[in-house]
Structure formats: structure tokens, C-alpha cells
Visitor: 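A single structure is presented below for examination.
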Amino acid sequence: QHRLRSALALVTGAGSGIGRAVSVRLAGEGATVAACDLDGAAAQETVRLLGGPGSKQGPPRGNHAAFQADVSEGSAARRLLEQVQACFSRPPSVVVSCAGITRDELLLHMSEDDWDKVIAVNLKGTFLVTQAAGQALVSSGCSGSIINISSIVGKVGNMGQTNYAASKAGVIGLTQTAARELGRHGIRCNSVLPGFIATPMTQKVPQKVMNKITGMIPMGHLGDPEDVADVVAFLASEDSGYITGASVEVTGMRPTW
Ligand code: NAD
């Protein structure tokens, strides 16, 4: 039950959707959670849900803490890892990059700014956090598990998401390469490819489109953030001790469009 009792888990994008569910799940497995989000108040709300410091609800179950950072900025990502290390006197042994955005537009109309912004947060942000976490773990001689949230869209594409699909395909390649480079340091790196999950991100999609998508999912319904969190918890734990460089689909079956 408490597979992550001694783990310190850094979760980015922890203020909403999948990142919040991952934070709750990892804390439930015994991990101490460093919850980071661009929206600092949302990260604090996640920590409150975990029963961390400042929580008035229920007994404190861990020494969780919230951090505000924009992962797409190199200096901010590096500072985040420094702050987490300073706060807990050790680097995070589990790092989950959930921070992500969409800016949908058909290829023929997509602005350069929409392309750049999505690549900056989803791909460069994941690179910066993976790099900073890898540096912190290697320099302190610690092993760890890095889990990057990609998307099935990175494999099969999706109308209106050239920027998003490219960023998520990039996350798979970056994670596989990090796994090759960091394996000898005892650091595993895996990506998780959710399908369509009910979160604020998919709530933005028009209902008509979502109905069509739901009709194409063999399981017949969207996934819950907890479905993704379950797989992240497995990859964070020693139950997956010989799994690295993998990209795990959590889709209710991959869409073929
Ligand atoms: P969400 O919008 O609910 O949460 C994303 C969080 O990331 C927000 O709290 C946001 O503030 C934060 N964030 C955005 N930019 C940031 C930045 N620059 N620095 C730090 N934090 C930042 O979305 P979600 O559905 O929970 O998505 C989480 C991850 O899962 C994303 O990477 C997304 O691409 C991926 N994903 C989601 C789905 C889905 O169907 N919801 C499917 C596949 C993959």
C-alpha cells in the first residue's frame, strides 16, 4: 500500500487535472509531495488537499509543500529544483512533469506564437525539468524515477494540434534518450501517453467534438485523472524497477480516427 514511503516526489502542473490527481495518489502511497504549478495558489490548494502544512482539513499526513514556477523558463526550472532541494535537504527521487497547455488551430492557420508557446511549455519545459532533476540526482548519487506526461496525440496526431502533437512526440524521444543516458546512474525515465481524460484541458473542447471522440473510444468513456495517476504511481515505485524508456498508453485503446 505504501510503496513510496521514503520518496520525495516533485510534480509539475500539480494545480489541476492529472497533476493534482498524481499528487494525491503519490501522497496516498506515502510520498512527500513538492507540488509545483505556474498558478501558485492552485499548487497550494493541492497541498491543502494532501493535508500538508496550513491544512485545516484532517490530520497532516506529510510535510508536503507548494512551489510556483514557469517550467518553460530555464532559470525558473533550475531554481525550482534548487528550492525543492533546499526545502527537503535532498533531491526529488520521483519527478513527474504534467505541466502542459494546448493552443489549437488547424495547420493552415496556426500562428507562429501558438506553435512556439506550446513547444516551450510542453517540450522545452519537460526537457528543463528532466535535465535539472537528472543533474540534481546524479550529483548527489541518488537513484530516481522520472515520468513525463506525453499524449497519445504524439503518436497518432489530432486535428488542430500540430503544435501539441509535435511537442508530445518530442517528449517521447526526449524521455527515451534520457533513459539511455541516465540508466547507469540508477535513474529510470518513462513517458505516459494518456488518451482523452476528463480534466479542465478537455473541458475546453466543444461538447459536440467530445461526444464524437467518446463514441470512438472502445471503453465507451473518457478516462479519469486517477486512471493516469495509477500508472504514474506504478512507474514511480519499485514495482516497475526494470522498466525504463517505455511509453505507456492509458487510452481505453489507442484511437485510429
Ligand atoms: P490542466 O490544464 O488541467 O492542468 C495543467 C496544469 O499545468 C495547470 O495547472 C497549469 O497551470 C499548469 N501549467 C501550464 N503551464 C505551465 C508552466 N509553464 N509551468 C508550470 N505549470 C504550468 O491539464 P491536464 O489535462 O491535467 O493535463 C496535464 C498533462 O497531461 C498535460 O501535459 C497534458 O498535455 C497531458 N495530457 C492531458 C490529456 C487530457 O485528455 N486531459 C491527454 C493527454 C495528455
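Along the sequence shown, residues are numbered consecutively beginning with 1. What you see is a predicted model, and the numbers here were worked out from it, not measured in a lab. When a ligand or atom number is given, it counts from 1 through the structure's own listing order.
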Visitor: For Asn122, run the side chain to side chain donor-acceptor pair (under 3.5 Å) check against Ser167, Ser151, Ser72 and tell me which one passes.
Guide: Ser167

Visitor: Which residue from Cys98, Ala43, Gly40 reaches closest to atom 28 (C) of ligand 1 through any of its heavy atoms?
Guide: Cys98

Visitor: If you have a sec, work out which protein heavy atom is nearest atom 24 (P) of ligand 1 and how many Å separate them, to one decimal?
Guide: Thr199 OG1, 3.6 Å

Visitor: Run the numbers for me: atoms of ligand 1, each under 4.0 Å from some heavy atom of Ala99, listed by number.
Guide: 7 (O), 20 (C), 21 (N), 22 (C), 32 (O)

Visitor: Under 3.5 Å, is there a donor-acceptor pair linking the side chains of Thr126 and Asn148?
Guide: no

Visitor: Which of the listed options, Tyr164, Phe67, Phe196, holds the heavy atom that is closest to atom 33 (C) of ligand 1?
Guide: Tyr164

Visitor: Nearest protein heavy atom to atom 3 (O) of ligand 1, by residue and atom, and its distance?
Guide: Ser16 OG, 2.6 Å

Visitor: Does Ala14 have a non-hydrogen atom less than 4.0 Å from ligand 1?
Guide: no

Visitor: Among all protein heavy atoms in this structure, tell me which lies nearest to atom 19 (N) of ligand 1, with the distance rounded to 0.1 Å.
Guide: Val71 N, 3.1 Å

Visitor: Using the side chain to side chain contact (heavy atoms under 4.5 Å, CB included) rule, take Val22 and Ile149 through it: C-alpha gap first, then chi angles, then the decisive distance, then the call.
Guide: CA-CA 11 Å; Val22 165; Ile149 307 300; 5.5 Å; no

Visitor: Could you state whether Val11 and Val71 fall into the same hydrophobic cluster, counting links through intermediate Ile, Leu, Val, Met, Phe, Trp or Tyr residues with side-chain heavy atoms under 4.5 angstrom apart?
Guide: no

Visitor: Starting from atom 5 (C) of ligand 1, which protein heavy atom do you reach first, and at what distance in Å?
Guide: Gly100 O, 3.8 Å

Visitor: Quick one: does Thr202 get within less than 4.0 Å of ligand 1, heavy atoms only?
Guide: yes

Visitor: List the closest protein heavy-atom neighbour of atom 27 (O) of ligand 1: residue, atom name, distance to the nearest 0.1 Å.
Guide: Met201 CE, 4.0 Å

Visitor: Look up atom CG in Asp239 and atom CD in Glu29, then write down how far apart they are to the nearest 0.5 Å.
Guide: 8.5 Å

Visitor: Starting at CZ of Arg254, measure out to CD of Glu249 and round the result to the nearest 0.5 Å.
Guide: 4.0 Å

Visitor: Decide yes or no for Leu193 and Lys155: does some side-chain heavy atom of the first lie under 4.5 Å from some side-chain heavy atom of the second?
Guide: yes

Visitor: Nearest heavy atom to atom 10 (C) of ligand 1 wins, so pick from Thr12, Asn122, Asp37, Leu38.
Guide: Asp37

Visitor: As an exercise, identify every atom of ligand 1 less than 4.0 angstrom from a heavy atom of Gly195.
Guide: 38 (C), 40 (O), 42 (C), 43 (C)

Visitor: Look at atom 14 (C) of ligand 1 and say which protein heavy atom is nearest, naming residue and atom and giving the distance to 0.1 Å.
Guide: Ile101 CG2, 3.7 Å

Visitor: In terms of heavy-atom contacts, does CZ of Arg180 have more than 12 from other residues, nucleotides or ligands at under 6.0 Å?
Guide: no

Visitor: Looking only at distance, does Ile197 have an N or O less than 3.5 Å from an N or O of ligand 1?
Guide: yes

Visitor: Report the nearest protein non-hydrogen atom to atom 26 (O) of ligand 1: residue, atom name, distance rounded to 0.1 Å.
Guide: Ile18 N, 2.7 Å

Visitor: Which protein non-hydrogen atom lies closest to atom 18 (N) of ligand 1, naming both residue and atom, and how far is it?
Guide: Asp70 OD1, 2.8 Å

Visitor: Less than 4.0 Å is my threshold; does some heavy atom of Pro225 fall inside it relative to ligand 1?
Guide: no

Visitor: Any atom of ligand 1 sitting under 4.0 Å from a heavy atom of Lys168?
Guide: yes

Visitor: Within the structure, is a non-hydrogen atom of Ala42 found at a distance of less than 4.0 Å from ligand 1?
Guide: no

Visitor: Linking I/L/V/M/F/W/Y whenever their side-chain heavy atoms sit closer than 4.5 Å, directly or via other members, would Val129 and Leu137 fall into one cluster?
Guide: yes

Visitor: With atoms numbered from 1 as shown, which atoms in ligand 1 lie under 4.0 angstrom from a non-hydrogen atom of Gly13?
Guide: 6 (C), 7 (O), 12 (C)

Visitor: Of all the heavy atoms in Gly125, does at least one lie under 4.0 Å from an atom in ligand 1?
Guide: no

Visitor: Would you check if Val192 and Ile147 make a side-chain contact, meaning some heavy-atom pair closer than 4.5 Å?
Guide: yes

